[in-house]
2 protein chains.
Amino acid sequence: MTANPVDTEEKIKEAAQRIFLEKGFDGATIRDIAEAAQINTALTNYYFRSKEKLFWLVYESMLKEALKSVQTIMEKPTSVKEKLVELLDHMFEVHAENPNKAIFFMNECRRNPQGFADKIGINCGAMEQCFNTQFEEEVKKGLIIDISPDTIFPLIFGLIQQIFAGRELTMHLFQMSEAEFDKHALEQKKVIKEMLLKYLFIK
Amino acid sequence: MTANPVDTEEKIKEAAQRIFLEKGFDGATIRDIAEAAQINTALTNYYFRSKEKLFWLVYESMLKEALKSVQTIMEKPTSVKEKLVELLDHMFEVHAENPNKAIFFMNECRRNPQGFADKIGINCGAMEQCFNTQFEEEVKKGLIIDISPDTIFPLIFGLIQQIFAGRELTMHLFQMSEAEFDKHALEQKKVIKEMLLKYLFIK
DNA sequence: AACAATTTTAAACACTTGTTTAAAATAATT
DNA sequence: AATTATTTTAAACAAGTGTTTAAAATTGTT
């Protein structure tokens with residue numbers, strides 16, 4: 001081993017993630033990434049063979065990381081209500097940190113659904129399993145209204161993603177500055193949380 | 001005037017809209033559009049001068065149409081509750097008809113916010129004006145909880161958009177077929193509507 | 001220090017992109 | 001019918017794309 005090849009590899013991955021998040025696969029060029037990583041264009045192919053391979057690597061790692069953090073929350077020994085609140089807060093944090101994530105995930109999955117299925121192939125159903133059981137029990141106990149967790153689980157994601165996916169659109173349609181949007185986003189989160197809890201939990 | 005130049009022009013616009021919706025500005029090529037419209041590549045430039053000019057034309061007309069239909073609803077002489085229900089149903093219909101619209105709007109606005117502001121420059125605030133007044137009156141009357149219409153208005157859009165923007169992602173993460181997703185979308189709408197109305201309106 | 005292996009570079013490659021051109025085909029006008 | 005104007009086409013253009021190559025620079029090994 002020589003120099004700091006791992007550092008270079010990591011530098012490229014980080015730059016790639018940044019650029020892909022910002023411009024998407026179609027909009028990002030290998031030269032954009034090279035410039036962001038301050039390396040020669042050919043190096044991306046030296047380390048990752050192709051733009052597409054680099055992309056899927058970055059994409060998969062981001063998705064896996066996102067789902068892992070969700071799983072961690074869902075496996076905690078707490079009530080459904082606590083889990084949902086923590087999930088909402090967590091999702092908000094993640095997307096607030098980088099508002100491009102929401103639209104990036106939606107976008108790239110739509111651009112190439114087959115690639116998503118083939119190369120990522122995540123089974124979200126298995127992950128929910130323990131949560132689903134717990135949810136249904138609390139429904140039986142009369143703590144939660146009669147609704148399927150299959151309806152609620154995707155809803156949680158969507159409710160938070162929605163705030164940030166339409167960020168730029170909202171800012172322009174309603175003439176907000178970035179600071180104003182940040183305030184707006186927090187307000188949205190508050191409303192969504194109250195709305196969801198009031199709807200789901202009895203009493 | 002000769003042949004059916006208007007037809008050709010319209011044919012290109014329709015094809016462009018279809019392709020742009022599907023692939024976005026970056027992902028769509030002038031050759032894709034030409035093929036979809038069954039015309040020669042050069043014709044798109046003959047009628048519209050450039051890919052970008054064609055794009056903004058299509059984009060603007062779509063946005064204007066979408067906002068106009070919203071405005072029509074907001075100007076009706078009905079209660080806030082009736083307006084919100086009609087707005088939710090209408091937005092759902094629009095996006096259900098073409099699930100690409102939601103992500104397309106968000107995406108293209110983010111890709112080029114300046115172009116959006118410069119070339120579209122829509123004042124959504126003015127459109128809301130009459131609704132805002134009505135909303136605040138109903139809050140005063142004690143019909144609606146104490147909340148600003150500035151919070152609710154963008155929320156309505158987001159709540160419905162969210163269902164369809166993440167369509168492909170949801171389908172793959174939760175392993176749904178298209179038919180299953182359609183059922184899921186209707187269920188989501190029902191929940192969102194109930195949730196919002198229960199939250200907003202007193203008693 | 002001399003050699004080998006690895007990493008980095010500049011340059012070029014083949015291909016796709018949006019766009020233009022100049023000729024052909026078609027329609028309108030006289 | 002002849003001429004003009006308009007529409008359509010095939011072909012080429014310049015610029016940008018991902019990728020490869022072969023030489024240079026750097027690092028590791030003997």
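A, B, ... follow the sequence lines: proteins, then strands. Residue 1 opens every chain.
Ranking dT9(D), dT19(D), dT19(C) by closeness to the Lys51(A) side chain, first place goes to dT19(D). In the set dT17(C), dT7(C), dT8(D), the nucleotide with an atom closest to the side chain of Thr29(B) is dT17(C). If you check dG18(C), dT8(C), dT19(C) against the side chain of Ser50(B), the one that comes closest is dT19(C). Checked against dT19(C), dT21(D), dT7(D), the side chain of Thr41(B) finds its nearest nucleotide in dT19(C). The side chain of Tyr46(A) approaches dT7(C) more closely than any other nucleotide in the set dT7(C), dT21(D), dT8(D). When distances are taken from the side chain of Tyr47(A) to each of dT20(D), dT8(C), dG18(C), the shortest belongs to dT8(C). The side chain of Asn40(A) lies closest to dA10(C) when the candidates are dA10(C), dT9(D), dT7(C).
The base of dG18(C) sits within donor-acceptor range of the side chain of Arg31(B), with an N or O pair under 3.5 Å.
Both cation-pi conditions hold for Arg111(B) and Phe55(B): the charged atom is under 6.0 angstrom from the six-membered ring centre and inside a 45 degree cone around its axis. Remark: Lys51(A) is positioned above the aromatic ring of Phe25(A), its terminal NZ or CZ atom under 6.0 angstrom from the ring centre and at most 45 degrees off the axis.
Using a 4.0 Å heavy-atom cutoff across all strands shown, Ala28(B) reaches sugar-phosphate atoms only and no base atom.
For the pair Arg49(A) CZ and dT21(D) P, the interatomic distance rounds to 11 Å; values are reported in whole Å.
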